[in-house]
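Structure record follows, encoded as C-alpha cells.
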There are 2 protein chains.
Amino acid sequence: MTSVDTILAHAAARREESRARWFEWLRIPSVSAQPNHAPDCRRAAEWLASQLRAIGFTAELKDTAGHPVVLGHHPGPAGAKRHLLFYGHYDVQPAEPMELWTSPPFEPVLVDGPNGKRAVARGAVDDKGQVMTWLEALRFWHDTQGGPPCRITIVVEGEEEVGSKHLPDFLEANADALRDADVVVISDSNMWDVATPSIVTSVRGLVYTQLDITAANKDLHSGLFGGSALNPINLITRVLGDLKDEAGTIMIPGFYDGVQEISAERRKQWDGLNFDEKAFLGGVGLSVPAGEVGRSALERLWARPTADVNGIWGGYTGEGAKTVIPSEAHAKVSFRLVQGQSPAKVLAGFRDFIIDRIPEDATVKIQVFSHGEGIEIPSDSPFVRAAQAVLTEEFGKPAILQGGGGSLPVVEQIKQIIGLDCLLVGFGLDDDQVHSPNEKFDVVCFERGIDSHIRMLAALAEA
Amino acid sequence: MTSVDTILAHAAARREESRARWFEWLRIPSVSAQPNHAPDCRRAAEWLASQLRAIGFTAELKDTAGHPVVLGHHPGPAGAKRHLLFYGHYDVQPAEPMELWTSPPFEPVLVDGPNGKRAVARGAVDDKGQVMTWLEALRFWHDTQGGPPCRITIVVEGEEEVGSKHLPDFLEANADALRDADVVVISDSNMWDVATPSIVTSVRGLVYTQLDITAANKDLHSGLFGGSALNPINLITRVLGDLKDEAGTIMIPGFYDGVQEISAERRKQWDGLNFDEKAFLGGVGLSVPAGEVGRSALERLWARPTADVNGIWGGYTGEGAKTVIPSEAHAKVSFRLVQGQSPAKVLAGFRDFIIDRIPEDATVKIQVFSHGEGIEIPSDSPFVRAAQAVLTEEFGKPAILQGGGGSLPVVEQIKQIIGLDCLLVGFGLDDDQVHSPNEKFDVVCFERGIDSHIRMLAALAEA
C-alpha cells in the first residue's frame, strides 16, 4: 500500500468526523458584509487557526483594516522540493432573503438530492466547504504521515465576498515570504459535472463602471421643453445603443487590442467537450446565442471579452404616464476582459467613446467599481499537469481544462503582487445555489474533494 | 358709461369679495387622484353649483363613473345671438411633497412677489383660480345687467388632473345640448408674460407608451452568461438609440406624414415675438437647443412633433456593482403630435420600428397610456378675433396668438365629440408652479382675468 492509499483509506474511515468539523465551521455566521457579524468573522478565523495548529501548523490571525487573514505555515519534510500556497476565504455572503431558506442558513443539515446527501447551509460550498476539502486532506496527511509532503503556506481571508479590499495590502506586506511558494492552490470553482473534474485555466477580468449623465438642472415638462431641451435618457440610449454592432462586435476603438485567438489545440479540446449551448440557453428560456457571430459558445464564454449594460435608470418609472424630461440618466456598464487586454486601456477607450457622443450641454461622470485584467494560466505547467493526472485517477475519467467566464480578482492580485500562477481546482457544481438561498454542497463532491487533495498533495510535492 | 365700463367699475369695487370667494373654494382639498378626497371633490362641485345658482343659473351635479361634472345653464337675453360654453375643472393635483410648501396647501395666503401680491395654494391658478376669473365676470354681469349678454352653458369637471377619463362619456350623453354652443371658452393656459395677454391657437397631441422587453426567464450572472445570453438593456438602448438621427429627425417611417409646414404669416408672427431661447434654456441650465436642426425654437415647441424617452429602468440600480444580465428592461416613450398626424399611425409606426429591431429571443409589449391628436384652432375665427381685440384693449398691447407645446386632451375630445373649436385664453404665468409645491396665482393676473372676461362676454356675444 502506497502512502497515498493509506491516507485515502484513513480518510474514508473518518467521513463522519470530517463532516462534523465542516458543520461546526458552518455554524459560525461569518458574514463579512454585515458589521454585526464582525465578531463571527473573527471567530471563524480563530476556529481555522486552531484547526491548523492541531495538525502541526503555525497559524496566526493577521489583522487588516477589515477582517483578519489567517496565515498558516508548515515547513514540510526537510529538503522539500515544493512549496504550495493554499488560498481560500472563510467569509460568506449574507443569507438574506431568510424566508426563502428551507432550513436556517447557519444550522447545516443533510438532505437528499439526485447525487445522494447534500449539506444545506450558507457557506456549505463557498468557500468553507471547499477550504475544508484541502484542510481535511492536510489533516489526514498529518495523522498518517506526520505532516504534508512539502512545505505549505495557508492564506485564508475574510473579505472575498466584499471584494477582497484589504488582501492586496496583506499580500504586499507579506510578499517576500509568499513569493517563495511555487504555485497557489485554490478550491473555489466548479467541476464540469458531478462525474467530471475540471481545472480552470483562465479567468476573465472585469471593468465595471457607472455612467451618470446630467443635462438640465431640474426635471422638465415635455409639453414645455419637448423639442428644445436635451433629454439625457434619449442620449444614454443613443450612446449605449452604439456599443455593439449587429454582429455583436464591441465598437469601442482599441477594445480588442491584445486579444489573442485561441490556439487550434484549445479549440479542438473545447469542441471535444460537446457543450450543449441549446440546453444551456434553453434552461433560462432563450434559444439564440446573442454574442459575437461566428464564435463557439465556449469561446464566447471563456476566451472573448463582453460588454453588458447591467442596469439602467432615469426619469419616471411608476405606473402610467408622466411627461417628464428628466435631468439625469444612469447606467451600470461592465466589460469582461480576456488575457492581453489592458483594463486601463479599455476604460480609457470607453471614456472616449462616451465623450465623443456627448453634446456640449450634457455632463458625464464615469465611476469605476472594478478594474481587473483577464488571466490565463499556462496549461502546460507541471502543476496543472500533475493535478490533471491525479484528478483523472480519482474520477476515472480525464479532467477537463476549461476557461472561466467569471472573474476571480484574487487570481489577478496574486499574479501581480507575488508573481505566482494559480491552480484552480474546485469541487462545486453549477446547481450549488452559491450566493442564493439554500446554498448546498453535495457530500460526494466534498468527499471526492478531500481525496483529490490527498492525491494532489503527493503529486504537486514532486511536480 | 357703457355697460362694460359699469361692470368693470363694479368689479373693481369688489376685489376683496372676489378674493374671499376664490379662497373659500381653494380651502376645499378636491384632489381627484386620492380616493380619500372624493367627498371633497363633490363638495367643491356643490360649492360651484351653488355659486352658479346664486347668479341666476340652473346648475346640477351630473354623476359619472368618477367625480361628478357641474353642468350649469343660463338662457341669456331673449333672442341672444351667441351661445358660449365655458369649460374648466374643479379638481387639483395632489399637494405632495407637503414639506416643500411654505404654507399649508389648502390654506390660501397672500404673499408678496415681483408683480405685487400673489395667492399661494394648491389650485390657486390650476384651475380653480382661472375658473373664478370667468365666474366672477358672470357674477358682475348678473349684478349689474341682470345676467350675461348671451346664452351660457357651464361644464366644469372633476377629473382633469387624472386624465379626464369620464369626460367623453359625459360629452356624448349631453352632446345634443352642448353642440348648440358656438365656441368653448377655456381659461387653463398662460399669458405671454404679466403684461401681455395671449390666445393659444394650437395644442399638441400626445401618444404615451410603455415598452416592456423580456429576454431570459430570470436574471443571469454575466460571468456565466455574458457573451451568450441576450441582454434586454443593451437591446432597449439599441432600439431607442435609433429613434432620432444626429439632426434630431425622428426615424420612425411615416412619422411625419400629415405634418404641415407653418405658413409664412405664422412664421413672421412668431419671429416677431423675439422669443429668447437662450434665456429659456439658460433658466434650466442648458445652452444648446436639442431638437430638430434648422427650425426656430417656437416652431419646434409649437408646430413640430417630438419623441422623448420619459423613463427607463432595468437590472441593477443600487450602489456599487452587480454583474447581472437582467431578464427585463422597460421604458416610457412619448410623442407630442401636431395637427395632421394620426396618433394611430404614429403608434403603429413605432410598434413596427420596435419589432423590426427585436431579435427572436425577446418578447416585447407596448402599453398605451395616452393617444390624442394635435389640434389647430383657426386663428381667423370671429371668436379669436373678438377676444384678441378686447384683450388688446384691456392690456394696452396686442394679444399674442401662440402655439401650445403641451397637450390638452379636452380640446381634442370637445372637437371630436361635439364638433366645437375652443377659445383658449388663460391668465397664468410660466412661474406659477403648477403641479408643484407653492402653486401661486398673481393677484394682478386674477383681477385682469376677471376684467378680460367681463369684456370678452360683451364681445363674444356679438361676434
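Proteins come first, then strands; the chains are lettered A, B, ... in the order of their sequence lines, and each starts at number 1. The shown structure was predicted, so the numbers you read here are calculated from the model rather than taken from an experiment.
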_Heavy-atom pair count under 4.5 Å with chain B, highest-scoring of A:Gly405, A:Gly314, A:Ala329_ = A:Gly314
*Sort B:Leu235 into side chain, backbone, both or neither according to what part of it lies under 4.5 angstrom from a heavy atom of chain A.*
neither
*Check each atom of A:Asn190 against the heavy atoms of chain B and say whether the ones under 4.5 Å are side chain, backbone, both or neither.*
neither
*Check whether A:Ala331 gets within reach of chain B through its side chain, its backbone, both or neither, counting any heavy atom under 4.5 Å.*
neither
*Quick one: OG on A:Ser334 to OH on B:Tyr316, what's the gap to the nearest 0.5 Å?*
13.0 Å
*asked:* When you measure from the side chain of B:Lys332 to the backbone of A:Gly315, do you find a donor-acceptor pair of N or O atoms at a distance under 3.5 Å?
replied: no
*Could you tell me which portion of A:Glu319 (side chain, backbone, both or neither) has an atom closer than 4.5 angstrom to a non-hydrogen atom of chain B?*
backbone
*Could you tell me which of B:Gly320, B:Ala307, B:Gly291 has the largest number of non-hydrogen atom pairs under 4.5 Å with chain A?*
B:Gly320
_For B:His435, which atoms come within 4.5 Å of any heavy atom of chain A: side chain, backbone, both, or neither?_
neither
*Atom pair NE2 (A:His330) and CD1 (B:Ile312), whose distance is rounded to the nearest 0.5 Å*: 12.0 Å
_Just verifying a value: how many Å separate A:Arg204 CZ and B:Ser222 OG, rounded to the nearest 0.5 Å?_
7.5 Å
*Output the option from B:Glu299, B:Glu292, B:His221, B:Lys322 having the highest count of non-hydrogen pairs under 4.5 Å with chain A.*
B:Lys322
_Toward chain B, the part of A:Ser407 with a non-hydrogen atom under 4.5 Å_ = neither
*chain B heavy atoms under 4.5 Å from A:Thr237: which part of the residue, side chain, backbone, both or neither?*
both
*Do B:Asn231 side-chain atoms and A:Val309 backbone N/O form a donor-acceptor pair below 3.5 Å?*
yes
*Do you know which of A:Arg300, A:Arg304, A:Lys218, A:Arg295 has the most heavy-atom pairs with chain B at a distance under 4.5 angstrom?*
A:Arg300
*asked:* If you count heavy-atom pairs within less than 4.5 Å of chain A, which of B:Asp219, B:Val203, B:Thr306, B:Ile233 leads?
replied: B:Ile233
*asked:* Can you tell me which portion of A:Tyr208 sits under 4.5 Å from chain B's heavy atoms? Options are side chain, backbone, both or neither.
replied: side chain
*chain A interface, residue from B:Pro232, B:Gly226, B:Gly163, B:Gly285 that has the most non-hydrogen pairs under 4.5 Å*: B:Gly226
*Who wins among A:Thr323, A:Leu240, A:Leu243 for the most heavy-atom pairs under 4.5 Å with chain B?*
A:Thr323
*Check whether any side-chain heavy atom of A:Asn234 lies under 4.5 Å from a side-chain heavy atom of B:Lys244, and answer yes or no.*
yes
*Would you mind telling me which of A:Ala216, A:Pro289, A:Ser228 has the largest number of heavy-atom pairs within less than 4.5 Å of chain B?*
A:Ser228
*Which residue out of B:Ile236, B:Ile325, B:Val333 racks up the most heavy-atom pairs below 4.5 Å with chain A?*
B:Ile325
*Before accepting this row, confirm whether a basic side-chain N of the pair A:Arg238/B:Glu246 lies closer than 4.0 Å to the acidic partner's carboxylate O.*
yes
*Side chain, backbone, both or neither: which part of A:Arg336 has a non-hydrogen atom closer than 4.5 Å to chain B?*
side chain
*Which one, B:Gly223, B:Ser327, B:Pro305, leads in non-hydrogen pairs under 4.5 Å with chain A?*
B:Gly223
_Value rounded to 0.5 Å, distance of CZ in A:Phe225 from CG in B:Leu286_ = 8.0 Å
*Are A:Phe280 and B:Leu224 side-chain neighbours, meaning at least one heavy-atom pair lies under 4.5 Å?*
yes
*Distance from B:Asn310 atom CG to A:Thr317 atom OG1, nearest 0.5 Å?*
12.0 Å
*So, for B:Ala290 and A:Ala229, which heavy atoms are closest and what is the spacing to 0.1 Å?*
CB-C, 3.6 Å
*What residues of residues 359-371 of chain A sit under 4.5 Å from chain B when only non-hydrogen atoms are counted?*
A:Glu360, A:Asp361, A:Phe369
*Would you say the side chain of B:Val288 lies within less than 4.5 Å of the side chain of A:Leu230, judging by non-hydrogen atoms?*
no
